[in-house]
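Just so you know, these numbers come straight off a predicted model, no measurement behind them.
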Amino acid sequence: MVQNRSLKRRKTRTKKKGVAKTRFANEKNIKTLSQMSQQELLTNFGISEFGLTNSEYQRLAEKYGPNQIEKQHFAWIKEFIKNFFGPFNIILLLISVYNFISYFTNAFAFDHKLGDLFDLVGALIVLLMVLISGTVSYVQTIRTYYSTKKISAIVESKTNVIRKKIDSKNEKYTTVNKTNQLSLIKLGEELNVQSLVPGDLIYLASGDMVPADVRIIMSTDLFINQSSLTGESLPVEKHATSKHNNNILDLENICYTGTSVVSGSALAMVVATGLNTYFATISKSIAERRPDGNFIKGVKAVTKVLVVFMLIMVPIVYLINGGVGYAHNPGATGGDNPWLKAVFFAVAVAVGLTPEMLPLIVTTNLANGATKMAKQKVVVKQLDAIQALGAIDILATDKTGTLTNDKIELIEFKTVDKKADPNLLKYLYVNAYFQTGLKNPMDNAVIDYVKHNNFNFNTHNEIQKIDEIPFDFNRRKLTIAAEIEHDGRVLITKGSMEEVLNSCDRVYYKGKVIKLTESLIKQIKAYYEKMNNDGKRVLGLAYKAITGKKTSFSPKDEQKLIFMGYATFLDSPKPSTTKMIKLLKKYGVDLKILTGDNEPVTRAVCKMVNLEIKGLVTGELIENASEYELKKIVEDNNIFVKLNPLQKVKIIQVLKENNHTVGYMGDGINDAPVLRQSDVAISVANATDIAKDASDIILLEKSLLVLEKGIVQGRTIFGNILKYIKLTTASNFGNTLSMIIASAWLPFLPMQPVQILFQNLIYDMSQFAIAVDRVDDVFIRSPQRWRAQEIVPFALINGAISSIFDVATFAILGYGYNLIDQYNNLKGSVVDTKNIAVQMFNAGWFMEGLMSQVMVVQVLRTEKIPFVQSRATWPLNLTTGFVIGLGFVIGYAEPIANVLAMSPPEVSYIGILIALLLGYVILAQGVKMLYKKVFHTWL
């Protein structure tokens with residue numbers, strides 16, 4: 001033992017040293033690469049110039065393998081142990097061992113080949129329980145793994161890779177000017193990040209996730225969010241050179257796997273992939289456990305209630321059973337000791353009280369739900385997000401790209417005097433084409449307009465970019481400095497009308513540059529306000545000449561500009577939006593719009609999609625409101641405009657504090673923080689990498705109607721899980737209460753421990769059909785959340801009802817058939833388990849208990865009238881009929897009954913049993929109706 005512990009410690013130390021050694025080597029390698037010149041970098045990877053050829057790629061791919069941090073492997077042995085040797089299975093195995101020991105002890109004591117056959121059968125039945133439950137759980141775990149793996153493969157992370165091609169028509173290239181700034185980037189093809197190899201040249205822009213450890217070759221205003229590594233929320237600037245630094249995270253020309261581009265752009269060379277990345281070597285030490293969602297929290301809360309329930313009931317059963325047994329037989333010793341027998345009886349009751357199938361039913365429901373949603377072109381990254389989607393009572397969403405189409409069109413460009421000036425279009429194009437950040441739909445709309453209308457702006461020869469002031473969400477502007485043939489050096493600014501206009505002191509009007517007067521300002525505002533009121537988006541464009549040889553610019557240079565004109569865009573709502581809004585209302589989900597757009601445009605879009613505006617507030621009001629005011633504001637209003645990302649986050653946080661379950665749907669860079677804050681994060685297939693990475697659910701098609709299917713699926717799954725928990729808890733509580741009554745009343749056990757376990761096994765397996773049952777429309781129509789406190793009254797009331805019929809069964813069997821008197825007459829002459837009266841009593845209650853449990857499921861599964869207003873699915877009906885038939889077979893087929901130490905009761909008991917079942921169903925329905933009136937809820 002000591003040697004084993006010592007060996008284990010040495011292995012652990014060796015493993016830790018190995019990880020530390022690998023980490024040190026990787027850090028040293030990255031630091032070395034950061035100090036190399038560009039030519040040394042090329043030499044290091046054995047390539048002649050940037051951009052791999054096919055042969056170079058093949059060589060490096062064979063050397064380094066795929067770019068995967070973690071290979072998806074199924075832990076066959078670990079999952080086997082987890083499914084077959086869980087806490088409850090261990091208890092069952094101990095009971096089985098006890099029965100085996102009892103059997104062989106009796107065989108030795110009685111000096112014959114076969115001991116007590118009942119003990120042997122009992123041991124085999126318990127082993128069968130472990131085998132069946134373990135196998136089903138294990139198979140379902142394997143199915144879930146492969147299903148999740150298949151679904152995850154639908155959404156692939158891609159990056160722009162620049163490689164050399166033999167076909168010159170497809171060749172991609174870069175052009176760099178003398179100031180070492182990015183002048184023109186024609187992107188390589190988008191490839192799966194797993195295909196990257198060290199030596200690859202990639203292009204990074206705003207919104208991209210960094211797919212590997214990379215060395216910056218050149219950059220423009222590149223800011224990286226490294227919070228996944230450092231926890232620091234503020235972005236850090238990266239560029240092509242770096243001083244030697246002892247802290248690897250402070251290297252200015254290295255970006256790491258898992259970080260993201262906040263703004264700017266860069267050409268970068270991949271220097272480490274997969275398990276050789278910095279993130280891979282430290283992932284174990286920095287990985288934080290993902291916070292439990294509402295679903296997992298709910299399961300834990302319910303589990304606590306069930307554990308407390310069991311801790312109260314089991315000791316009561318033990319004390320009463322042991323005490324009564326001792327009173328009847330105070331001198332018993334060994335295996336007949338009443339206190340020892342009471343232990344195994346209490347353990348059997350404990351197992352019977354526990355919904356063992358809960359993990360299996362939860363996993364099966366969620367996995368089946370994910371598979372169904374995948375067929376609807378919805379990717380579920382987190383399984384419990386399905387239930388969370390069904391639980392939401394508020395869906396917050398950005399407007400652009402979610403409610404509206406992601407295809408924005410440029411419909412007009414005009415100067416202040418309403419002229420369509422080609423020079424205005426050229427400046428718009430230069431600003432859109434040469435900006436190196438993530439091109440938004442309006443940039444693409446300008447580029448597409450120029451292309452489709454055959455405007456000849458020769459960007460290769462006539463225009464050369466000098467510098468860029470990237471867009472940010474506070475300035476709401478983007479500026480390009482360029483040298484344009486015939487126009488000279490020009491600073492061109494495009495952005496929000498208000499922000500651009502505030503930066504201007506002159507205006508281009510009727511072919512001249514004149515002072516910007518109040519009258520002209522009113523004219524400009526009147527125009528764009530009219531466009532906004534019509535649901536059109538208007539951007540302002542301004543410019544000024546650059547004097548001198550200045551090559552580097554900052555936001556301070558965006559002053560004293562000349563307002564040149566407007567660009568008007570139309571972003572029409574998605575065809576499915578109006579119908580989706582109606583469906584959300586039908587299912588009790590309140591829709592709230594959180595947008596950075598202005599009020600008029602947002603109002604116009606709301607009007608187009610028939611969304612009633614209950615109240616509209618701005619980001620400024622959110623910023624200045626007190627905590628108390630904010631809680632009221634987010635409740636009373638449904639439209640929030642001119643928000644920055646932090647204000648969106650604040651709104652989501654307050655809604656959650658107000659006890660709402662909030663879903664958020666977004667697709668942009670600025671939506672990522674909000675997506676991470678929501679209870680369920682929803683994005684679309686063409687969203688930015690950051691948004692998709694932060695999402696739990698991704699819609700692969702543009703239609704929003706799949707959200708309805710997701711909500712219904714989530715509520716159906718939750719409803720069936722809730723059914724199983726409540727029905728099983730009520731049934732098990734009723735059985736336990738009946739056992740307490742029987743233990744205090746009867747001179748023998750109403751059922752033997754193995755009979756209890758076997759009955760519980762049959763019942764649990766039958767309840768697996770609940771996973772595919774229908775759920776009432778009234779349940780689906782409103783958001784559903786865990787309410788663990790409701791389980792107790794449900795179980796106490798409905799369990800007590802079942803006990804009434806159990807007690808009636810005891811009375812009928814004990815006194816109607818005189819089984820108690822028969823037992824007393826035979827007492828002492830035979831072992832209790834061989835007493836014919838006990839065996840008949842056990843069989844009678846076994847049948848009644850089993851049949852009543854499965855029969856009442858038909859009543860309790862719905863708040864409506866069963867069989868008439870609400871019908872179960874065929875698997876549940878088939879299971880119910882099968883178990884009732886099985887109950888008769890076990891009770892009356894003498895060979896089977898004898899194996900379980902039972903004897904068939906008289907045939908007349910069949911009629912009594914049917915009458916008891918009908919009476920139970922009728923009373924349960926009546927109590928259900930009364931329960932609903934008192935508690936105003938059912939499931």
Side-chain angles (χ1 to χ4, degrees), residues 206-207 262 389 392 394-408 438-444 471-474 476 496 532 535 537 569-574 576-578 580-581 584 589-609 611 613 616-619 622 634 637-655 662-699 701-704 706-707:
S206 299
V262 176
L389 183 59
I392 62 171
I394 289 178
L395 176 64
T397 176
D398 188 17
K399 178 179 65 63
T400 306
T402 48
L403 295 184
T404 57
N405 282 311
D406 54 1
K407 181 64 178 175
I408 296 177
L438 183 71
K439 285 181 169 53
N440 63 41
M442 283 176 285
D443 291 319
N444 290 327
F471 177 86
D472 67 54
F473 296 101
N474 293 319
R476 298 173 183 267
S496 160
N532 286 344
R537 178 73 182 269
F569 302 85
L570 180 63
D571 183 16
S572 55
K574 290 182 178 178
S576 58
T577 301
T578 302
M580 184 203 70
I581 292 171
L584 288 176
V589 180
D590 190 16
L591 181 65
K592 294 184 184 290
I593 306 299
L594 278 58
T595 180
D597 245 341
N598 57 39
E599 179 180 341
V601 169
T602 306
R603 282 187 180 276
V605 172
C606 289
K607 185 178 180 181
M608 290 179 195
V609 298
L611 176 60
I613 299 177
L616 185 147
V617 294
T618 63
I622 296 294
V634 298
N637 299 278
N638 65 335
I639 309 296
F640 301 85
V641 299
K642 301 207 75 173
L643 300 175
N644 62 38
L646 293 180
Q647 289 165 346
K648 290 184 179 183
V649 168
K650 185 183 288 187
I651 292 170
I652 298 296
Q653 287 174 333
V654 175
L655 285 169
V662 185
Y664 183 81
M665 185 165 65
D667 65 345
I669 308 168
N670 59 325
D671 292 316
V674 205
L675 288 164
R676 289 192 176 97
Q677 192 61 230
S678 61
D679 290 303
V680 56
I682 308 163
S683 192
V684 290
N686 60 344
T688 60
D689 287 346
I690 296 177
K692 286 191 286 190
D693 182 66
S695 297
D696 303 308
I697 293 173
I698 299 174
L699 312 182
E701 59 180 28
K702 294 179 181 179
S703 174
L704 300 178
V706 290
L707 278 179

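Between Thr577 and Val605 there is no side-chain heavy-atom pair separated by less than 4.5 Å. Lys592 is not listed as a side-chain neighbour of Ile651, based on a closest heavy-atom distance of 4.5 Å or more. Taking 4.5 Å as the limit, some side-chain heavy atom of Asn638 sits within range of a side-chain heavy atom of Ile613. Within the 4.5 Å cutoff, no side-chain heavy atoms of Met580 are placed close to those of Val609. The shortest distance between side-chain heavy atoms of Leu611 and Ile639 falls below 4.5 Å.
Taking Lys642 as the reference, Glu498 meet the salt bridge (Lys or Arg N to Asp or Glu O under 4.0 Å) condition, with sequence neighbours excluded. Looking at residues two or more places apart in sequence or on another chain, you find no side-chain hydrogen bond (donor to acceptor under 3.5 Å, both in side chains) involving Gln677.
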Under the side-chain contact (heavy atoms from CB on, under 4.5 Å) criterion, do Leu707 and Ile697 qualify, and how do the steps go? CA-CA 10 Å; Leu707 278 179; Ile697 293 173; 5.9 Å; no
For side-chain contact (heavy atoms from CB on, under 4.5 Å), just list the numbers for Val674 and Asp398, CA-CA rounded to whole Å, side-chain angles, deciding distance to a tenth of an Å, and then say yes or no. CA-CA 10 Å; Val674 205; Asp398 188 17; over 6 Å; no
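A donor-acceptor pair under 3.5 Å links the side-chain atoms of Ser683 to the main chain of Gly666, judged by distance alone. Not a single donor-acceptor pair under 3.5 Å links the side chain of Asp590 to the backbone N or O of Ile394. At least one donor-acceptor pair closer than 3.5 Å links the side chain of Asp679 to the backbone N or O of Val662.
Atom CG of residue Leu655 and atom OG of residue Ser678 lie 11.0 Å apart, to the nearest 0.5 angstrom. Rounding to the nearest 0.5 angstrom, the gap separating the OG atom in Ser695 from the CZ atom in Arg676 is 9.0 Å. Interatomic distance, Leu643 CG to Ile593 CD1, rounded to the nearest 0.5 Å: 11.0 Å. Rounded to the nearest 0.5 Å, atoms CE (Met665) and CG (Leu675) are 10.5 Å apart. The CG atom of Asp696 sits 10.0 Å away from the CG atom of Leu389 when rounded to the nearest 0.5 Å. With rounding to the nearest 0.5 Å, the separation of CD in Gln647 from NZ in Lys650 is 7.0 Å.
For the pair Thr397 and Leu591, the tightest heavy-atom approach, listed with the atom from each and the gap, is CG2-CD1, 3.7 Å. Across all non-hydrogen atoms, the minimal contact from Leu616 to Val641 is CD2-CG2, 3.9 Å. Residue Val634 comes nearest to Phe640 through the heavy atom pair CA-CZ, 3.9 Å, listed as atom of the first residue, atom of the second, then distance. Between Asn532 and Ala604, the shortest heavy-atom distance links the atoms O-CB, 3.6 Å. The shortest non-hydrogen separation linking Lys648 to Tyr664 is NZ-OH, 3.6 Å.
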